[in-house]
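Keep in mind that the numbers below use all heavy atoms, side chains included, and drop hydrogens, waters and symmetry copies.
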Amino acid sequence: MNINEVPQDPKNFKGAEKMKKLMYATDKDGKYTGVTSSGWEAENEATRQAWEDADETLAQTEAQVRQGSLSPIAYYMQKNLMELSLLAKYVGKWQWQVKRHMRPSVFRKMDAALLQKYAEVFNITTEELSNFGK
């Protein structure tokens, strides 16, 4: 693709204005050079749909936490777009243990040190984690 063919279809996502990304195109001499692009329509639509899906899943998880069927750990894991395996590595636990911590009855009994580990991973306070939605 030539420099003058690099797509420039700007779109705002999640409040980020004027997002640019680096693409490579050929210059007039046929050499590759870096060119910034504000995106192209198909890519922007796919990104918008992905964010809508993530927001919908997060809303469903929040509802489950408020209903008492999941602990706040499930919400913050989803909010940070984490998989169970990644969260388990970050807190130094087995996946089955993290999954167990997503049960409200287990979450309520967790000690302060473990709550602190989760809070640090989610970049929130232990109070925010413990008092979800209060």
Report the distance from atom [atom1] of [X] to atom [atom2] of [Y], rounding to the nearest 0.5 Å.
| X | Y | atom1 | atom2 | value |
| --- | --- | --- | --- | --- |
| Leu115 | Thr126 | CG | OG1 | 7.0 Å |
| His101 | Trp96 | NE2 | CH2 | 8.0 Å |
| Gln78 | Gln60 | CD | CD | 9.0 Å |
| Met110 | Gln116 | CE | CD | 11.0 Å |
| Ser105 | Arg100 | OG | CZ | 7.5 Å |
| Gln97 | Leu114 | CD | CG | 9.0 Å |

message: With clusters defined by side-chain heavy atoms of hydrophobic residues (ILVMFWY) lying less than 4.5 Å apart, directly or transitively, does Leu129 cluster with Val106?
response: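 In one cluster with Val106: Leu129, no.
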
- prompt: Is it the case that one hydrophobic cluster holds both Phe122 and Leu58, taking links as side-chain heavy atoms less than 4.5 Å apart, direct or via other members?
  reply: yes

- prompt: Got a donor-acceptor contact below 3.5 angstrom from the Asn80 side chain to the Met82 backbone?
  reply: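 No, Asn80 side chain to Met82 backbone: no donor-acceptor pair under 3.5 Å.
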
query: Between Thr26 (side chain) and Tyr32 (backbone), is there a donor-acceptor pair under 3.5 Å?
result: no

message: Give me the atom names and distance for the closest heavy-atom approach of Ser85 to Gln95.
response: CB-NE2, 3.3 Å

Shortest non-hydrogen contact between Pro104 and Gly68, atoms and distance: CG-O, 3.1 Å

- request: Please indicate whether Asn123 has more than 12 foreign heavy atoms, meaning atoms of other residues, nucleotides or ligands, lying under 6.0 Å from its CG.
  value: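 Count not over threshold, so no.
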
message: Is it true that, when you exclude Glu83 itself, more than 12 heavy atoms of the residues, nucleotides or ligands shown sit nearer than 6.0 Å to its CD?
response: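 Check fails, neighbour count at 12 or below.
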
Between [Y] and [X], is there a side-chain heavy-atom distance shorter than 4.5 Å?
| X | Y | answer |
| --- | --- | --- |
| Val121 | Tyr76 | no |
| Val98 | Trp94 | no |
| Met77 | Met102 | yes |
| Glu120 | Thr125 | no |

message: I'd like to know whether the aromatic ring centres of Tyr75 and Phe132 sit less than 6.0 Å apart in this structure.
response: yes

